[in-house]
Structure formats: C-alpha cells, structure tokens
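Only heavy atoms go into these numbers, but all of them, side chains included; no hydrogens, no water, no symmetry mates.
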Amino acid sequence: MDPGGSARELTFAFVGAGYAGVEALAELADLVADAVRHYPELRGRPQRWVLVDAAPNILPEIPSRLGGYAAQQLSKRGVEIHVGTTLDSVDAEAAVLSNGTRIPTATLVWTAGVRANPVLAQLGLPLDDRHRVRVHETLRVEGLEDVWALGDCAGVPNAATPGRPDPPTSQHALRQARRLAKNLTGTPQPYRYRSLGQVATLGRYKGIAAVLGLRLTGFLGWFVTRTYHLYQLPLLSRKLRVVADWTTSLFFRRDIAELGMLGHPDRLGDV
C-alpha cells in the first residue's frame, strides 16, 4: 500500500465547529478507530483529523467553559483545531485553509451552516437578510393574512429570546409546529420557548451538557445527552428498542457494518 495514499485517505477535514461538526467528527473518529483493527495493513498508520471554523471558539452555542473542555478533549485525541479560519479552496486532492494550511484529504465534511431554499425568492414572500421567510411571533407570514411558515426556511422570532430567531434544527421546528397547530385552532399566541440547556456528544461514552445550571462532562455528560435524545423519540415501543440496543452495546465493541439501508438489491443475473 502506498504510504502517501493512505495518509491522504486517513485524513478527514471538517469545516464548521458547531454541534453538527464536533459531534460528527468525534463519532467518526471513534468509528474509524474501531474499523482499523479489521485492516492489519492500516494499523499503525497515522490518522489526521482537522476541525475548522471561522468563529474564535468551537461550539459557540454552549457556555465557554464547556466549549473549552470540548476543545481540550479533542486536542488530546490528536484533532487539529483551526479557529478564526475559513476554507479557502478545495479540489479532489486537498483542501486549503485561509491561514495557508494545505490538507491533502479525500474526505471533506461541510457542517458550516445552512441557507434557505432558493425557491423562496420565486414565491413573492417577504424575506429577511438570510433569505428566510419573515414571520410574526404567531408564525404568520408578514403582510399575508392566511399564510404561515416555520422550520428551516422561516426566520421565526422567539418571544423568550428577543432578537435571536430560532436556529434551523428539527427540535425547534417541532416546537414551532405545536404552537402553530394551536394557533390555527384557537386564538393565536406568540411562539415562546426557553431552552433548559445544551448537550453534545464527543464520541462514545464522552459528552458535555449544560442543563438547569449544571455543567456535566465525560460519561455523565454523554449519558444526559443520550437520555435527552431518547426522550425526543416517539412511541414507547421505539424507546424500549433503542434502550435495549444501547444497553447491549455497552458490553460489546462497536459494530462497524450497517446493513439496514441496503434494501433489496438486484440478483446477480439481473445486473
């Protein structure tokens, strides 16, 4: 095996150090570590993990103390963290950062944010500076009587956090949907939600959580994060299946093969 080629294949660059970027990098790093043990020719070959963000710190959404802890833990695991830095260019061979660092890699993961669907500009709806539909606190589109909007493509004001619209996450979209359902069937009320805290995983059995004024790290932070995600799942039967799967996984190594999405492939004679 070509050492230079394996170095490029084992280099992973993540642009965006919010929840999605940090959690994805940490989980993938654990997955690769578990997978490499099945490939003797790759054992001992160095891996390179790079995290890039234009902000001055990673995880700016959470208290700085927890964000610093996350950065410290990732650095201990060998992750290169470039803050105050953007992606300058990328091609099939490498990514180049604004600070001049060239990263030969075959894997670049973009988690630096989202933008609203461009089709909104064709609908004649009022848009804000980020091209999201402008809505009132009741989720009614500004200037339109019977049009409502929520979710990723709407700039939804939150009465509990004036001046800070909700981020485009599924959790916030679900909360907005509950308020809109009530507004459509009764007297419209402003959408209001105050978060009880923030949680994030840093790989297997590692996490951080800021809940009700408490700051938790390590296994306890990971447990609280998992518990929150479990609470969000619908149906008791699904919750029980997930708990059983998570409990079983505590006693075994990670399963690196995922077959659930294969579906029903064609027979060899039909290819």
Side-chain angles (χ1 to χ4, degrees), residues 16-24 27 53-55 58-63 66-67 109-201 207-214 221 224-239 242:
Y19 285 120
V22 170
E23 291 188 326
E27 289 290 345
D53 200 285
I58 71 170
L59 291 172
E61 306 95 333
I62 68 176
L66 287 178
V109 181
W110 180 268
T111 60
V114 298
R115 58 181 301 183
N117 196 310
V119 75
L120 292 174
Q122 305 173 23
L123 301 180
L125 299 172
L127 305 181
D128 62 15
D129 56 351
R130 298 181 62 181
H131 310 289
R132 300 171 302 183
V133 179
R134 296 168 60 99
V135 300
H136 295 291
E137 290 183 343
T138 59
L139 302 170
R140 189 193 304 273
V141 176
E142 292 185 3
L144 299 174
E145 185 65 25
D146 297 315
V147 182
W148 311 75
L150 57 79
D152 292 8
C153 290
V156 179
N158 188 335
T161 57
R164 291 168 48 199
D166 274 1
T169 67
S170 60
Q171 292 94 333
H172 285 88
L174 287 172
R175 295 164 187 144
Q176 295 163 14
R178 295 187 188 104
R179 168 43 56 193
L180 178 56
K182 294 177 181 178
N183 285 352
L184 291 175
T185 57
T187 303
Q189 298 291 330
Y191 164 73
R192 175 187 297 271
Y193 178 79
R194 184 174 298 280
S195 173
L196 298 179
Q198 299 90 20
V199 295
T201 59
I208 52 178
V211 181
L212 298 176
L214 299 176
V224 170
T225 303
R226 279 295 183 95
T227 302
Y228 168 76
H229 291 316
L230 180 68
Y231 173 75
Q232 295 296 320
L233 288 177
L235 303 178
L236 177 60
S237 60
R238 180 169 300 177
K239 286 182 171 70
V242 170

For the side chain of [X] and the backbone of [Y], is there at least one donor-acceptor N/O pair under 3.5 Å apart?
X      : Y      : value
Arg134 : Pro126 : no
Asn158 : Asp166 : no
Thr201 : Glu23  : no

Can you name the nearest heavy-atom pair linking [X] to [Y], along with the distance?
X      : Y      : value
Thr185 : Ala181 : OG1-O, 3.0 Å
Val156 : Ala149 : CG2-O, 4.5 Å
Val199 : Ala209 : CG1-CB, 3.6 Å
Leu150 : Ala173 : CD1-O, 4.2 Å
Gly155 : Val135 : O-CG2, 3.5 Å
Gly67  : Ile58  : O-CG1, 4.0 Å

Would you give the length of the straight line joining atom [atom1] of [X] to atom [atom2] of [Y], rounded to the nearest 0.5 angstrom?
X      : Y      : atom1 : atom2 : answer
Leu59  : Asp53  : CG    : CG    : 9.0 Å
Gln189 : Glu137 : CD    : CD    : 11.0 Å
Arg178 : Tyr193 : CZ    : OH    : 9.0 Å
Gln176 : Gln171 : CD    : CD    : 11.5 Å

Check side-chain hydrogen bond (donor to acceptor under 3.5 Å, both in side chains) between Asp128 and all other residues, then give those that pass, not counting sequence neighbours.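 Asp128: side-chain hydrogen bond (donor to acceptor under 3.5 Å, both in side chains) contacts with Arg132.
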Stacked cation flag Arg179 on Tyr191, 6.0 angstrom / 45 deg: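 Pair Arg179/Tyr191 does not count as cation-pi.
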Contacts of Thr227 that satisfy side-chain contact (heavy atoms from CB on, under 4.5 Å) - sequence neighbours left out: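 In terms of side-chain contact (heavy atoms from CB on, under 4.5 Å), with neighbours along the sequence ignored, Thr227 is linked to Phe223.
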Could you tell me whether Lys182 atom NZ has more than 12 heavy atoms of other residues or ligands within 6.0 Å of it?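 No, because the 6.0 Å sphere around NZ of Lys182 holds 12 heavy atoms or fewer from other groups.
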